[in-house]
Novice: 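Take this structure, written in structure tokens, and hold onto it; I'll ask about it next.
Numbers restart at 1 for each chain; the letters A, B, ... are given by sequence-line order, proteins then strands. What you see is a predicted model; the values in this text were computed from it and never measured.
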Protein chains: 2
Amino acid sequence: MYEPITIKDIAKALGLSTSTVSRALRGSYEISAETKKLVVEYAEQFNYRPNPIALSLKERRSRSIAVVVCEIANNYFSQAINGIESVAYNRGYHVIISQSHESYEREIVNVEHLASRSVDGLLVSLSAETNQFDHYKNLHDKGFPIVFFDRITDEIETHKVVADNYQGAYNITKHLINAGYKKIAHLTSAAHLSISVERLEGYKAALRDNKIPFNDLYVKNCNHGGMIYNEQEDAIKSLLNLKDKPDAIFSGGDKLTVSCLAVLNELKVKVPDEVALAGFSNSPLVELMKPGLTVVKQPAFEMGQTATELLIKLIESKRPVTEFEKIVLQTEVFERESSAKKKPNKK
Amino acid sequence: MYEPITIKDIAKALGLSTSTVSRALRGSYEISAETKKLVVEYAEQFNYRPNPIALSLKERRSRSIAVVVCEIANNYFSQAINGIESVAYNRGYHVIISQSHESYEREIVNVEHLASRSVDGLLVSLSAETNQFDHYKNLHDKGFPIVFFDRITDEIETHKVVADNYQGAYNITKHLINAGYKKIAHLTSAAHLSISVERLEGYKAALRDNKIPFNDLYVKNCNHGGMIYNEQEDAIKSLLNLKDKPDAIFSGGDKLTVSCLAVLNELKVKVPDEVALAGFSNSPLVELMKPGLTVVKQPAFEMGQTATELLIKLIESKRPVTEFEKIVLQTEVFERESSAKKKPNKK
DNA sequence: ATCGTTGTCGGCATCGTTTGCGTAAAAAAA
DNA sequence: TTTTTTTACGCAAACGATGCCGACAACGAT
């Protein structure tokens, strides 16, 4: 079968010892020029490549990192992974991807599997179900490098990279208010997620600053983060059935925003005339929609890059790191028709 | 730092040899029940996990496979990767993802890097630039397991998984014809790609079967597979500037289809009234667009699954495999407004 | 002639795990 | 009691590469 050449083969063929071959290949000064040449040419000819697994065993590191996200078929995450990959690649690391599909159990299995010495570090965005962190805490306490991004937790002290969810939510809510909407509902993921909390706060703050009372009934959680269409459907229907119907919806997640529009279309609710819509999304397609969606966009690629840089810094640090950073990147609002100025007829 | 427990640690702590511990852990019959219990309980208590790297070295395999695609931020590929991951995970394989970004050079570097013994097999969808296959041929000749999917090549004899691009193109072209369009242009990726060739053939066949003459000027190639917006823009503009302007466009790629709509919107060209649009796409968002896009969808998830099953079969085969399969999965057409029946006013 | 130095290279252990073989003690058979 | 068998374990090699240490020649210095 497929049997690549090893350093031993070269040694045997050339009547040298493996140590000599090894040193010749890495240009050690204590090997004569002619031996070096001999070895290097032979290696070149037979296309010798050092066995990365043997190196891993020796150096006790695999030069690979893993990223744990809920779903890669999600624009935010595939963009973030692009950022991750770009940095990892340049630094000589492999990237292993695993998906939790928003399941706590699956997340645990994946993390344990990966961390048991097949990767040097972990890049994590929590699943919607996760509200316990022992599996991370154990690893982190042992000194295993972990960086959280996007969906983070306060329970573990390590590097973190997030978008400014508070400000993003604030800005887009304010945008809706400025466009004339007063009864703004908020559709969001599982309540305990960091992104949900921060976006809810930003939303509340914008209401408060504009003297709009906060209404509990206007906040709906989709605990599966947009994975289950029915959840969004039910949430939106119950919003529309309120006696004091909202005139706008601010949705707090990529899948949520899009499926919100899908539900409204399904129900033949006119956007933005009956209900305006705006929310977090990183899809490049939202501008092509009917209507074009007003979104707040996270710098996904940069977040992935930054998180990876921090992770590699952790991995390659000589001494245990005790000072951790939390990096907050800014979001950007893109205004489109789905939140066009409210028409006066419907006061 | 992070120093996980090894079989040696257990042996030392329990005053046994490593062989005994190893055998106890895997339940060998020649270890007494009490010793087994002792070892297993100790291992459990200290959360022993075998070092996968050491195992890899010994077994000469890494239990990981790599997938080489152009871009994961593409619905087709992220869905396919989901399928790949689902099978790999169940069979105990890691998945390593690498992107060529449609670059031939990048593809080579990635493949060489991965194949030099850090993965057991390769799942490949070719980049748009790739029209030489030596890097694959060398590996394949040495017995290294490779499975191609989606964008394949005839130059290498191994397992392949594709959608029925010919039939898909035929069906959607026929759909356009049935809807009353007669001057159908075709926007596609690099001409040498297998998918481009097959889709072009299907398109031609549908025209032929309906007695519509094939027009060379109606076929436009975007050699970067939709990565560069300007390329699509130029192609479409030149189509619209033809003296005999097409009344419909059939686009042959995920990004192409979407950016085609973007360009048409940009140019204020009414879809489908001025130009109808239909094409290959796996985005779940196309139904929300303005107008909803008629698409032909590939069974991406299943393709990923099937390719992975074939690859693992190759990897785990005792004897060299010489009989290879080419599996063709069916596509599905989803009709929407972008190809609504042509209005008679514009004859 | 003896010693120290320098230039080249090989031996061996190491990383963590598995496994074939050998062997001590205990049990069974003679 | 002696021999054979069984039980239960240890030793060492192997996977591929590295690096410490030591060997040995040739050389100049004493």
Novice: Hey, which of A:Glu107, A:Glu105, A:His192 is the one that makes side-chain hydrogen bond (donor to acceptor under 3.5 Å, both in side chains) with A:Thr130?
Specialist: A:Glu107
Novice: Find out whether A:Val111 and A:Val68 are in side-chain contact, i.e. whether some heavy atom of one side chain is under 4.5 Å from a heavy atom of the other.
Specialist: yes
Novice: If you check every side-chain atom of B:Ile31, which of C:dG16, C:dG11, D:dC9 has the closest atom?
Specialist: D:dC9
Novice: In whole Å, I'd like the distance from the CG atom of A:Asp9 to the C1' atom of D:dA17.
Specialist: 13 Å
Novice: Among pairs that include at least one residue of residues 303-314 of chain A, which meet salt bridge (charged side-chain N to carboxylate O under 4.0 Å, His left out), considering only residues two or more places apart or in two chains?
Specialist: A:Lys313-A:Glu325
Novice: May I have the distance from A:Lys36 (atom NZ) to C:dG7 (atom C1'), rounded to whole angstrom?
Specialist: 12 Å
Novice: What is the distance, to the nearest angstrom, from the CG atom on B:Leu14 to the P atom on D:dG10?
Specialist: 10 Å
Novice: Quick check: are there more than 12 heavy atoms from other residues, nucleotides or ligands sitting under 6.0 Å from CD of B:Glu34?
Specialist: no
Novice: May I ask you to say what A:Ser56 touches in the nucleic acid, namely base, sugar-phosphate or nothing, with a heavy-atom cut-off under 4.0 Å?
Specialist: nothing
Novice: Is any side-chain N or O of A:Arg61 closer than 4.0 Å to OP1 or OP2 of C:dC15?
Specialist: no
Novice: Protein within reach of the bases, or only the backbone? For nucleotides 18-24 of chain D, mark each nucleotide 5' to 3' as B, S or -, using heavy atoms under 4.0 Å.
Specialist: BBBB---
Novice: Expressed as a whole number of angstroms, how long is the span from A:Tyr29:OH to C:dT6:P?
Specialist: 11 Å
Novice: Does the ring center of B:His140 lie less than 6.0 Å from the ring center of B:Phe324?
Specialist: yes
Novice: C:dT14 phosphate, OP1 or OP2: any side-chain N/O from B:Lys8 under 4.0 angstrom?
Specialist: no
Novice: Distance check needed: C:dG16 P versus B:Ile5 CD1, whole Å only.
Specialist: 12 Å
Novice: Can you tell which of D:dC9, D:dA17, C:dG16 lies closest to the side chain of A:Asn51?
Specialist: D:dA17
Novice: Quickly work out the B:Ile10 CD1 to C:dG16 P distance and round it to whole Å.
Specialist: 12 Å
Novice: So do the side chains of B:Leu123 and B:Thr308 get within less than 4.5 Å of each other, counting heavy atoms only?
Specialist: yes
Novice: Just call it for B:Ile53: base, sugar-phosphate, or nothing, with non-hydrogen atoms closer than 4.0 Å on any strand.
Specialist: nothing
Novice: In whole Å, I'd like the distance from the NZ atom of B:Lys12 to the P atom of D:dC9.
Specialist: 20 Å
Novice: Measure NZ/B:Lys37 against C1'/D:dA8 and give the value in whole Å, please.
Specialist: 18 Å
Novice: Compare side-chain N and O positions of B:Thr20 against OP1 and OP2 of D:dC9 and report whether any pair is under 4.0 Å apart.
Specialist: no
Novice: Is there side-chain contact between B:Tyr76 and B:Val69, with heavy atoms separated by less than 4.5 Å?
Specialist: no
